[in-house]
Participant: 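Got a structure for you, written out below as structure tokens; questions coming shortly.
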Amino acid sequence: MSKQKRIAIITSGGDAPGMNPAIRAITLKALKCNFQVIGYYCGYNGLIDEHYTELTTRHVNDIIHRGGTIIKSARCPAMHTESGLLQAANSLRKCHVDALIVIGGDGSFKGAEALAKHWSGQIIGIPGTIDNDINGTDATIGFYTAIDTALGCIDKIRDTAQAFERTFVVEVMGRDCGIIAMEAGLASGAEQIICKELIDDEQLFLDKLKEDVALSLANDAAHSYVLVMAEHSLSISAQELAEQLKTHTGVDSRSAILGYVQRGGAPVAGDRILATQLGIEAVKHVELGHTGIMIGVENGQVKTTKLADTSDTHARNIDFVAKLKEYRL
């Protein structure tokens, strides 16, 4: 009798709404294939510490609507060291794991690549990050929910901006990618969208921005004015930008940093469906014996990308900047 295949799952890096639906899909599909499933707690830390649990139907049946991740997530500095990688690899061998499915972002996939040099099992990646900064997929798990969360907050800020005739600088997450700012800015009708992909010379950009804001406010003094700003897009903070705008325009300007609220909450339908699709496809590729790949969806079609190529986002950045310029009104 052939040995029962054992699949392990980790959720790694920043949490993203939709990780639980992905865990559910992987587990249910794997059990149908007569595989055993285990979940390591707290990302790669669980591998190193040999902290895991077996996942069954009972564990995942009622988690599709829940934010966060039932097996927790974390950063793992030890995976940047040779000793940490060796510990993780030895843990997988000790636990007789045949395939590891990593749900996470760019850093998590780099960890998977490094781990593959010390462990011969299959490794499959699923893109799970609100930042949507992974090459090889149109959307990452958590992105749709993060946009909806940001949009709800910006709409509320717009109400108070209108009531007080204020200017607001709203900072959204995105790490090194401005796509959350772009999508939330377009959806909310923000007067300005600030992300580093649009900035060649910061001082020139800021000078023009201040003039544009001043001109708009001069033409309509009772007009609310909202700027959506991606984190790390400027060398100054959202608060400092608001202060500079106030000085330049004479109009009261405030800042609002949305922060971690964008990573929480129940996943919206788009993230639940994407997570389910990617989870099922990941198990299919385990069945086929594939390794070193990430499962994504582009133009409605499932595709695979080598883990080593998932961080090449240059083409994606060009595409979304073109989209922003085309649809700005």
Participant: Looking at Gln36, I'd like to know if its CD atom is crowded, meaning that more than 12 non-hydrogen atoms belonging to other residues, nucleotides or ligands lie closer than 6.0 Å.
Facilitator: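 Yes - once you tally the heavy atoms of other residues, nucleotides and ligands closer than 6.0 Å, there are more than 12.
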Participant: Looking at Tyr260, is Arg263 sitting on its ring face, NZ or CZ under 6.0 Å from the six-membered ring centre and within 45 degrees of the normal?
Facilitator: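 That pair does not qualify as a cation-pi contact.
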Participant: Report yes if the side chains of Met182 and Glu197 come closer than 4.5 Å at any heavy-atom pair, otherwise no.
Facilitator: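 No, side chains not in contact.
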Participant: Between His248 and Glu211, does any side-chain donor sit less than 3.5 Å from a side-chain acceptor?
Facilitator: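 Yes, a side-chain donor-acceptor pair sits under 3.5 Å.
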Participant: Evaluate the side-chain contact (heavy atoms from CB on, under 4.5 Å) criterion for residues Met294 and Thr137: first the C-alpha distance (whole Å), next the side-chain angles of each, then the deciding distance (0.1 Å), finally the verdict.
Facilitator: CA-CA 9 Å; Met294 181 200 76; Thr137 187; 4.3 Å; yes
Participant: Does Lys323 come within less than 4.0 Å of Glu183, counting only side-chain N to carboxylate O?
Facilitator: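 Looking at Glu183 together with Lys323, the answer is yes, because their closest N to O distance falls below 4.0 Å.
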Participant: Which ILVMFWY residues can you reach from Ile280 by hopping between side chains whose heavy atoms are under 4.5 Å apart?
Facilitator: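 None; Ile280 is a cluster of one.
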Participant: Can you check whether Ala161's main-chain N or O pairs, donor with acceptor, with Ser224's side chain at less than 3.5 Å?
Facilitator: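 Judged by distance alone, no pair lies under 3.5 Å.
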Participant: Show your reasoning for whether salt bridge (Lys or Arg N to Asp or Glu O under 4.0 Å) applies to Glu281 and Lys303.
Facilitator: CA-CA 10 Å; Glu281 291 294 333; Lys303 66 164 290 186; over 6 Å; no
Participant: Can you tell me if Ser255 and Glu171 form a side-chain donor-acceptor pair at under 3.5 Å?
Facilitator: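 Ser255 vs Glu171: no donor-acceptor pair found between side chains.
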Participant: Is the closest side-chain heavy-atom distance between Asp133 and Arg175 below 4.5 Å?
Facilitator: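 Result yes, sub-4.5 Å side-chain heavy-atom pair found.
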Participant: Heavy atoms only: give me the nearest Gly279-Ile126 pair and the separation to one decimal.
Facilitator: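 The pair with the smallest heavy-atom distance is CA-CD1, 3.9 Å.
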Participant: Can you tell me how far CG of Leu186 sits from CG of Leu324, rounded to the nearest 0.5 angstrom?
Facilitator: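 Nearest 0.5 Å value for the CG-CG distance: 5.5 Å.
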Participant: Please say yes or no: joined through hydrophobic side-chain contacts below 4.5 Å, possibly via intermediate residues, are Ile26 and Ile38 part of one cluster?
Facilitator: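 Ile26 does not cluster with Ile38.
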Participant: May I have the list of side-chain donor-acceptor pairs in residues 143-150 shorter than 3.5 Å, sequence neighbours left out?
Facilitator:
residue, atom, partner, partner atom, Å
Thr145, OG1, Val268, N, 3.0
Thr145, OG1, Asp271, OD2, 2.5
Thr149, OG1, Thr145, O, 3.0

Participant: If I take atom CD from residue Gln203 and atom CZ from residue Phe205, how far apart are they, to the nearest 0.5 angstrom?
Facilitator: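 CZ of Phe205 is found 11.5 Å from CD of Gln203.
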Participant: One pair to check against side-chain contact (heavy atoms from CB on, under 4.5 Å): Phe164 and Arg254. What are the steps and the verdict?
Facilitator: CA-CA 11 Å; Phe164 282 89; Arg254 302 293 177 90; over 6 Å; no
Participant: For side-chain contact (heavy atoms from CB on, under 4.5 Å), just list the numbers for Ile194 and Val228, CA-CA rounded to whole Å, side-chain angles, deciding distance to a tenth of an Å, and then say yes or no.
Facilitator: CA-CA 6 Å; Ile194 304 169; Val228 176; over 6 Å; no
Participant: Can you see which heavy atom on Leu47 is nearest to which on Ala88, and at what distance?
Facilitator: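 Reported closest heavy-atom pair: CB-CB, 4.0 Å.
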Participant: Could you give me the CA-CA distance, side-chain angles and deciding distance for His232 and Lys196, then say whether side-chain contact (heavy atoms from CB on, under 4.5 Å) is met?
Facilitator: CA-CA 8 Å; His232 311 312; Lys196 69 176 185 178; over 6 Å; no
Participant: Got a second to check how far Lys32's NZ is from Leu28's CG, nearest 0.5 Å?
Facilitator: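 If we round to the nearest 0.5 Å, Lys32:NZ and Leu28:CG are 7.5 Å apart.
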Participant: Below 4.5 Å, heavy atoms only, C-beta onward: do Leu227 and Thr167 meet side chain to side chain?
Facilitator: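 They are in side-chain contact.
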Participant: Just by distance, do the side chain of Gln262 and the backbone of Gly259 share a donor-acceptor pair under 3.5 Å?
Facilitator: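 The answer is yes, because a donor-acceptor pair under 3.5 Å joins these two groups.
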Participant: Would you indicate whether the side-chain heavy atoms of Leu278 and Val297 approach each other to under 4.5 Å?
Facilitator: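 Result yes, sub-4.5 Å side-chain heavy-atom pair found.
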Participant: Mind listing the closest non-hydrogen atom pair of Ala275 and Ala22 along with its distance?
Facilitator: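 Heavy-atom minimum between the residues: CB-N, 3.6 Å.
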Participant: With distance as the sole test, does Gln301 use its side chain to make a donor-acceptor pair with the main-chain N or O of Glu298 at under 3.5 Å?
Facilitator: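 Side chain of Gln301 to backbone of Glu298, a donor-acceptor pair under 3.5 Å: no, none is there.
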Participant: Can you tell me if CG on Asp159 sees more than 12 non-hydrogen neighbours from other groups inside 6.0 Å?
Facilitator: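 Counting neighbours around CG of Asp159, more than 12 heavy atoms of other residues, nucleotides or ligands fall under 6.0 Å, so yes.
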Participant: Donor-acceptor pair, Thr276 side chain versus Arg272 backbone, under 3.5 Å?
Facilitator: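 Flag set: sc Thr276 to bb Arg272 pair under 3.5 Å.
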Participant: Looking at Asp200, I'd like to know if its CG atom is crowded, meaning that more than 12 non-hydrogen atoms belonging to other residues, nucleotides or ligands lie closer than 6.0 Å.
Facilitator: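 Atom CG in Asp200 is not crowded, with 12 or fewer foreign heavy atoms closer than 6.0 Å.
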Participant: For the residue pair Leu245 and Lys210, establish whether any side-chain heavy-atom pair is separated by less than 4.5 Å.
Facilitator: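 Side-chain contact under 4.5 Å: yes.
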Participant: Which of these passes side chain to side chain donor-acceptor pair (under 3.5 Å) with His59: Asp62, Asn61, Thr56, Thr57?
Facilitator: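 Result for side chain to side chain donor-acceptor pair (under 3.5 Å) with His59: Thr56.
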Participant: Do Leu55 and Ile64 sit in one hydrophobic cluster, given that two such residues count as connected whenever their side-chain heavy atoms are within less than 4.5 Å of each other, even indirectly?
Facilitator: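 No, separate clusters.
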Participant: Heavy atoms only: give me the nearest Ile295-Ile293 pair and the separation to one decimal.
Facilitator: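 So the two residues come closest at CD1-CD1, 4.0 Å.
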Participant: Taking the side chain as every heavy atom from C-beta outward, state whether Glu82 and His118 have any pair of such atoms under 4.5 Å apart.
Facilitator: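 Yes; the side chains approach each other to less than 4.5 Å.
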Participant: Are Met19 and Ile71 connected into the same hydrophobic cluster when the rule is that any two of I, L, V, M, F, W, Y join if their side-chain heavy atoms are below 4.5 Å apart?
Facilitator: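 Yes.
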Participant: So, the side chain of Asp309 versus the backbone of Thr305: is there a donor-acceptor pair under 3.5 Å, distance only?
Facilitator: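 No, the answer is negative, given that no donor and acceptor are paired below the 3.5 Å cut-off.
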Participant: Side chains of Leu234 and Glu202: closer than 4.5 Å at any heavy-atom pair?
Facilitator: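 In contact.
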Participant: Could you grab the distance from atom OH of Tyr41 to atom OG of Ser73, nearest 0.5 Å is fine?
Facilitator: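 It comes to 14.0 Å.
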Participant: Report yes if some heavy atom in the side chain of Ile23 is under 4.5 Å from a heavy atom in the side chain of Ile70; otherwise report no.
Facilitator: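 In contact.
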Participant: Are the side chain of Asn20 and the backbone of Gly67 linked by a donor-acceptor contact shorter than 3.5 Å?
Facilitator: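 Answer holds: yes.
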Participant: With no hydrogens and no angle check, do the side chains of Gln122 and Lys5 hold a donor and an acceptor under 3.5 Å apart?
Facilitator: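 Side chains of Gln122 and Lys5: pair found under 3.5 Å.
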Participant: Between the side chain of Asp98 and the main-chain N/O of Arg6, is any donor-acceptor distance below 3.5 Å?
Facilitator: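 A pair under 3.5 Å: yes.
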Participant: Quick one: ring pair (Phe, Tyr, Trp, His ring centres under 6.0 Å) partners of His96, sequence neighbours excluded?
Facilitator: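 For His96, no residue satisfies ring pair (Phe, Tyr, Trp, His ring centres under 6.0 Å) once neighbours in sequence are set aside.
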Participant: With rounding to the nearest 0.5 Å, note down the distance linking CD1 in Ile180 to CG in Leu151.
Facilitator: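 One gets 12.5 Å once the value is rounded to the nearest 0.5 Å.
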Participant: If you look only at pairs with a residue in residues 4-40, which of them pass as a ring pair (Phe, Tyr, Trp, His ring centres under 6.0 Å), with sequence neighbours excluded?
Facilitator: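 Sorted result for residues 4-40: Tyr40-Tyr52.
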Participant: Without swapping roles, check the side chain of Thr53 against the backbone of Gly39 for a donor-acceptor pair under 3.5 Å.
Facilitator: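 Such a contact is absent between Thr53 side chain and Gly39 backbone.
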Participant: I need the Leu209 CG to Leu241 CG distance, nearest 0.5 Å.
Facilitator: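 So the CG of Leu209 and the CG of Leu241 are separated by 6.0 Å.
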Participant: Identify the two heavy atoms, one from Gly174 and one from Glu231, that lie closest to each other, and give their separation to 0.1 Å.
Facilitator: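 Reported closest heavy-atom pair: N-OE2, 2.9 Å.
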Participant: Applying a strict under-4.5 Å side-chain criterion to I, L, V, M, F, W and Y, I'd like to know whether Ile141 and Ile123 cluster together.
Facilitator: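 Per the 4.5 Å side-chain linkage, Ile141 and Ile123 are not co-clustered.
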Participant: If you compare all heavy atoms of Ile103 against all heavy atoms of Ile9, which two are closest, and at what distance to 0.1 Å?
Facilitator: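 Shortest heavy-atom separation between Ile103 and Ile9 comes out as CD1-CG2, 3.9 Å.
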Participant: Using the test ring pair (Phe, Tyr, Trp, His ring centres under 6.0 Å), find all partners of His285 that sit at least two apart in sequence or belong to another chain.
Facilitator: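 Partners of His285 by the ring pair (Phe, Tyr, Trp, His ring centres under 6.0 Å) criterion, ordered by chain and then number, come out as His290.
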Participant: Counting only N and O atoms by type, is there a donor-acceptor contact under 3.5 Å from the side chain of Ser216 to the main-chain atoms of Val213?
Facilitator: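 It does not hold such a pair.
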Participant: Decide whether Ile130 and Val102 are clustered together by the hydrophobic rule: side chain heavy atoms of Ile, Leu, Val, Met, Phe, Trp, Tyr closer than 4.5 Å, transitively.
Facilitator: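 No, no single cluster joins them.
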Participant: Looking at Asp212 and Lys208, is there a salt bridge between them, counting it only when a charged N and a carboxylate O are closer than 4.0 Å?
Facilitator: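 A salt bridge is present here (some side-chain N lies under 4.0 Å from a carboxylate O).
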Participant: According to side-chain hydrogen bond (donor to acceptor under 3.5 Å, both in side chains), who are the partners of Glu326, at least two apart in sequence or on a separate chain?
Facilitator: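 Here no residue qualifies.
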